[in-house]
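Remarks on the structure that follows.
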Amino acid sequence: MYYGKKADPFYQSTAWRRLRRMALERDHYLCVDCMAAKARGEMVRVRDASCVHHVKPVELYPELCLELDNLVSLCDACHNKRHPEK
């Protein structure tokens with residue numbers, strides 16, 4: 001993952017890659033935000049997940065960075081909505 005001028009080495013670690021894959025498998029490689037919108041009756045197309053997002057940010061909750069319960073699978077569009085600052 002690339003934010004700013006340099007990539008965070010955490011996102012290159014074996015532990016993160018393994019947990020990322022587990023999150024994607026748990027969510028069936030689908031965007032959970034798109035699925036929630038569809039469940040609410042919104043006319044959306046459910047997209048494939050391409051990102052795994054920390055619900056509680058790593059910067060504020062480093063102890064949760066490798067907790068599966070703190071991760072959700074998102075498509076690029078939904079991930080961008082969760083990070084308007086980027």
Side-chain angles (χ1 to χ4, degrees):
M1 212 165 261
Y2 185 82
Y3 292 118
K5 293 187 179 186
K6 64 177 187 169
D8 186 336
F10 167 76
Y11 294 106
Q12 301 303 318
S13 71
T14 301
W16 167 250
R17 289 176 186 233
R18 185 175 296 130
L19 192 63
R20 180 184 186 278
R21 185 176 56 248
M22 288 173 62
L24 288 166
E25 288 172 357
R26 177 199 62 201
D27 298 331
H28 306 285
Y29 291 87
L30 296 173
C31 175
V32 297
D33 283 1
C34 288
M35 293 288 287
K38 185 83 164 176
R40 290 189 303 268
E42 296 178 30
M43 298 297 293
V44 298
R45 182 175 72 89
V46 177
R47 295 184 181 102
D48 291 337
S50 54
C51 302
V52 175
H53 173 75
H54 286 93
V55 177
K56 293 185 178 182
V58 174
E59 298 80 19
L60 300 176
Y61 301 92
E63 69 278 9
L64 299 178
C65 69
L66 292 173
E67 292 292 328
L68 185 59
D69 292 339
N70 188 42
L71 301 175
V72 292
S73 302
L74 300 173
C75 65
D76 285 334
C78 289
H79 193 241
N80 289 338
K81 287 178 192 173
R82 290 200 183 206
H83 285 290
E85 76 282 1
K86 296 180 181 180

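Linking Ile, Leu, Val, Met, Phe, Trp and Tyr whenever their side-chain heavy atoms come within less than 4.5 Å puts L64 and L60 in one cluster.
The shortest distance between side-chain heavy atoms of H53 and H83 falls below 4.5 Å. In this structure the side chain of L71 never reaches within 4.5 angstrom of the side chain of V55, judged on heavy atoms.
Between F10 and W16, the ring-plane angle classifies as tilted under the 30° and 60° cut-offs.
The CG atom of N80 sits 7.5 Å away from atom SG of C51, with the distance rounded to the nearest 0.5 Å. With rounding to the nearest 0.5 angstrom, the NE2 atom of H54 is 6.5 Å from the CG atom of L66. A distance of 12.5 Å separates CG of L19 from OG1 of T14, quoted to the nearest 0.5 Å.
S73 places no side-chain N or O within 3.5 Å of a backbone atom of C31 that could act as its donor or acceptor partner. A side-chain donor-acceptor contact under 3.5 Å links R26 to the backbone of L68.
Pairing each heavy atom of Y11 with each of R17, the nearest pair is O-NE, 4.2 Å. V44 and C34 make their closest contact through CG2-O, 3.6 Å (heavy atoms, listed as atom of the first residue, atom of the second, distance). The two residues R47 and A77 have their closest heavy-atom pair at NH1-CB, 4.0 Å. C78 and D33 make their closest contact through SG-CB, 3.7 Å (heavy atoms, listed as atom of the first residue, atom of the second, distance). Taking all atoms of both residues into account, the shortest heavy-atom contact from M35 to L30 is SD-CD1, 4.0 Å.
In this view, Y29 satisfies the ring-ring contact (aromatic ring centres under 6.0 Å, His included) rule with no residue, not counting sequence neighbours.
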Worksheet item: Passes side chain to side chain contact (heavy atoms under 4.5 Å, CB included), V52 versus M22? Steps please.
Response: CA-CA 10 Å; V52 175; M22 288 173 62; over 6 Å; no

